[in-house]
Student: 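This is the structure I want to talk about, given as structure tokens.
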Amino acid sequence: MPGNNNAERTYIMIKPDGVQRGLVGDIISRFEKRGYKLIALKMRSADEELLRRHYCDLTEKKFFPSLLAFMTSGPVCSMVWEGLDAVKQGRQMLGETNPLNSKPGSIRGDYCIDMGKNICHGSDSVENAEKEIAMWFGEGEVQSYVQSNSVHIYE
Ligand code: IDP
Ligand code: MG
């Protein structure tokens, strides 16, 4: 429903370390249990061209080559979650970029210790979320459906 706050969308990605460590199910489960609606999901191996677009604000950083090597080291799991404040809540659920600053209870705060292997990505603004969704998913890959339990999730 356009114009409806409950329809905010965010792009969440489980990075190659999270896939290898078997955390896909747990991460999906956290978003499901929170009440968010899963509207797209797939695995893929990202190439350099896509990652340069995805991380366009970071390409000049010293750590970018190692980020690129890490992100192309194996498949990622891409998701779109929809719901109230999905972008900000998604970031809260992920934790801080540096796991040292991530509170226990967050994904990074529970599962990782190194900034270069921090398990997951979440969009940092509604605008970037829409860009990232369009980058990682094609038309028709994002579903539109009524979440039947929404009356128990929203006032
Ligand atoms: P975010 O993932 O929390 O949004 P960004 O600043 O957008 O953080 O950085 C993207 C990713 O680049 C981080 O999640 C992390 O994997 C990596 N990264 C960011 N800063 C550093 C750093 O200083 N050293 C190593 N890797 C970094
Ligand atoms: Mg970021």
Side-chain angles (χ1 to χ4, degrees), residues 2 4-139 141-143:
N4 177 348
N5 256 355
N6 299 354
E8 187 171 299
R9 309 191 302 173
T10 191
Y11 175 67
I12 300 291
M13 171 166 58
I14 305 170
K15 296 178 179 181
D17 53 341
V19 171
Q20 289 289 353
R21 291 179 54 195
L23 297 173
V24 170
D26 179 274
I27 293 168
I28 290 175
S29 190
R30 286 172 181 239
F31 280 85
E32 280 186 326
K33 286 179 189 159
R34 191 77 194 256
Y36 286 106
K37 176 164 76 163
L38 181 62
I39 57 170
L41 172 70
K42 72 174 172 191
M43 290 190 74
R44 68 178 288 180
S45 297
D47 60 20
E48 180 171 340
E49 189 271 330
L50 175 59
L51 288 163
R52 282 187 177 280
R53 279 193 287 136
H54 177 79
Y55 284 128
C56 58
D57 53 335
L58 300 176
T59 52
E60 300 307 315
K61 300 276 189 197
K62 234 172 95 180
F63 61 81
F64 188 74
S66 61
L67 178 61
L68 200 56
F70 165 51
M71 290 298 296
T72 53
S73 67
V76 299
C77 180
S78 295
M79 298 173 269
V80 182
W81 290 92
E82 185 181 280
L84 184 64
D85 296 322
V87 169
K88 273 196 185 146
Q89 286 285 17
R91 296 279 292 190
Q92 301 254 31
M93 290 168 70
L94 260 54
E96 300 295 322
T97 305
N98 187 345
L100 185 60
N101 303 323
S102 299
K103 297 218 167 62
S106 66
I107 293 162
R108 288 166 175 167
D110 285 347
Y111 298 136
C112 60
I113 47 182
D114 190 325
M115 186 144 60
K117 295 276 165 72
N118 65 0
I119 306 282
C120 47
H121 164 85
S123 308
D124 61 7
S125 68
V126 172
E127 191 191 351
N128 283 336
E130 290 303 320
K131 280 188 200 157
E132 290 168 6
I133 292 165
M135 246 178 247
W136 289 88
F137 287 96
E139 294 270 338
E141 286 187 311
V142 181
Q143 303 302 310

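Since we're looking at a predicted model, the values are computed, not measured. Start at 1 and go down the list; that is how both ligands and their atoms are numbered. Reckoned from all heavy atoms, side chains included, excluding hydrogens, waters and symmetry mates.
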Student: With rounding to the nearest 0.5 angstrom, report the CD to OG distance, E132 to S125.
Tutor: 7.5 Å
Student: Give the contacting part of Y55 toward ligand 1: side chain, backbone, both or neither, where contact means a heavy-atom distance below 4.0 Å.
Tutor: side chain
Student: Taking all non-hydrogen atoms of both residues, which atom of W136 and which atom of S78 are closest, and how far apart?
Tutor: CE3-OG, 3.6 Å
Student: For atom 13 (C) of ligand 1, grab the closest protein heavy atom and report residue, atom and distance to one decimal in Å.
Tutor: N118 ND2, 3.6 Å
Student: Using 30° and 60° as the class limits, which term best fits the ring planes of W81 and F31: parallel, tilted or perpendicular?
Tutor: parallel
Student: Do the charged groups of R30 and D26 touch, with an N to O distance under 4.0 Å?
Tutor: yes
Student: I need the minimum non-hydrogen distance between S123 and R91, along with the two atoms involved.
Tutor: O-CD, 3.2 Å
Student: Between K42 and E141, does any NZ, NE, NH1 or NH2 come within less than 4.0 Å of an OD or OE carboxylate oxygen?
Tutor: yes
Student: Would you kindly specify which portion of R91 sits under 4.0 Å from ligand 1, judged on non-hydrogen atoms: side chain, backbone, both or neither?
Tutor: side chain
Student: What's the shortest distance from atom 18 (N) of ligand 1 to any protein heavy atom, and which residue and atom give it?
Tutor: F63 CE1, 3.4 Å
Student: Give the single entry among M115, K15, H54 that approaches atom 11 (C) of ligand 1 most closely by any heavy atom.
Tutor: K15
Student: Would you tell me which option among M13, K61, R108 has the nearest heavy-atom contact to atom 2 (O) of ligand 1?
Tutor: R108
Student: Heavy-atom distances under 4.0 Å decide this one: backbone, side chain, both or neither, for L58 against ligand 1?
Tutor: side chain
Student: Which ligand 1 atoms does L67 reach within 4.0 Å, using its non-hydrogen atoms?
Tutor: 12 (O), 16 (O), 17 (C)
Student: Quick one: do E82 and K37 make a salt bridge, cutoff under 4.0 Å?
Tutor: yes
Student: Of the side chain and backbone of T97, name the one, both, or neither that has a heavy atom under 4.0 Å from an atom of ligand 1.
Tutor: both
